[in-house]
Amino acid sequence: MVNFVKAEAELVNDLDRWLYVLKNMSSLNGLSTYLRKPIFKKLFQLAEYSKLKPEEREMYNVSLRNKWDAESIRSSQEEQLRRAREKAMAEGRAEGIAEGEAKGKAEGEVMGKAEVIKNLLSSNKLSISEIAELADVTVEFVKQIEAEKAKGK
């Protein structure tokens, strides 16, 4: 280390930077522009930590644990919220599909019954009450279909 005599401005590669930092660590106040790399930032953080008094170090450790705990709680709450949102969306989709199928089935039955009623009305062989009984609908529904047929729909 004694033979290393480069100034800060003469540092060319990482080996030069490491040797400079190791030789001058005690006199450096912070990171210069020549040492702005993540590894040197980490080294300075470790050096600052090692200079702390035992009670300061314990306070720092408690502070870090609190920070990590808070981050852990926050991330688990976000994960629970994400899962709850996904579950609610899946349940909503399933409910919507079931509701749509039921509505489609009901509309299909009504449309099918309407066609049967139109055909039975065209035959003129059965009364409205008989058609209603055969199609399992109300007399009013048969009359409504008959009125629509008369209008030309």
Using modelled atom types only, decide if a donor and an acceptor are shared between the side chain of S63 and the backbone of M59 within a distance under 3.5 Å.
no
Would you say the side-chain atoms of E48 pair up with the backbone N or O of Q45, donor to acceptor, closer than 3.5 Å?
no
Salt bridge (charged side-chain N to carboxylate O under 4.0 Å, His left out) partners of E78, counting only residues at least two apart:
R74
Sequence neighbours excluded, every pair satisfying ring-ring contact (aromatic ring centres under 6.0 Å, His included) that has a member inside residues 53-97
Y49-Y60
Those residues that, when tested against K143, pass salt bridge (charged side-chain N to carboxylate O under 4.0 Å, His left out) (two or more places apart):
none
So, using salt bridge (charged side-chain N to carboxylate O under 4.0 Å, His left out) as the criterion, who are the partners of R85 when residues are at least two apart?
none
With sequence neighbours excluded, residues passing salt bridge (charged side-chain N to carboxylate O under 4.0 Å, His left out) with D16:
K6
Contacts under 3.5 angstrom, residues 90-103 side chains, donor-acceptor by atom type, not counting sequence neighbours:
none

Please, which pairs that meet salt bridge (charged side-chain N to carboxylate O under 4.0 Å, His left out) have at least one residue in residues 49-61, sequence neighbours excluded?
E58-R65
Considering only residues two or more places apart or on different chains, which pairs with a residue in residues 94-133 satisfy ring-ring contact (aromatic ring centres under 6.0 Å, His included)?
none
Residues clustering with L46 (ILVMFWY side chains joined when closer than 4.5 Å, directly or via others):
none
Atom pair CD1/CG of I128 and L121 - distance to nearest 0.5 Å:
6.5 Å
List for me each residue that meets side-chain contact (heavy atoms from CB on, under 4.5 Å) alongside R82, sequence neighbours excluded, and say none if there are none.
E79, E86
Measuring from atom CD1 of I131 to atom OG of S123, what distance do you get when rounded to the nearest 0.5 angstrom?
6.0 Å
Please answer: with hydrophobic residues joined when any side-chain heavy atoms are less than 4.5 Å apart, are L15 and I39 in the same cluster?
yes
Distance from L126 atom CG to I117 atom CD1, nearest 0.5 Å?
11.5 Å
Reported NZ-to-CZ distance for the pair K37 and R17, which is rounded to 0.5 angstrom
4.5 Å
Quick one: hydrophobic cluster around I73, which other residues, with the 4.5 Å side-chain cut-off, linked directly or via members?
none
Hey, could you give me the CD/CD1 distance between E115 and I145, rounded to the nearest 0.5 Å?
8.5 Å
Name all residues meeting the side-chain contact (heavy atoms from CB on, under 4.5 Å) criterion together with T138; count only those two or more places apart in sequence or in a different chain, and write none if there are none.
E140, F141
W18 vs N13, side chain to side chain contact (heavy atoms under 4.5 Å, CB included): CA-CA, chis, key distance, verdict:
CA-CA 9 Å; W18 274 106; N13 57 33; over 6 Å; no
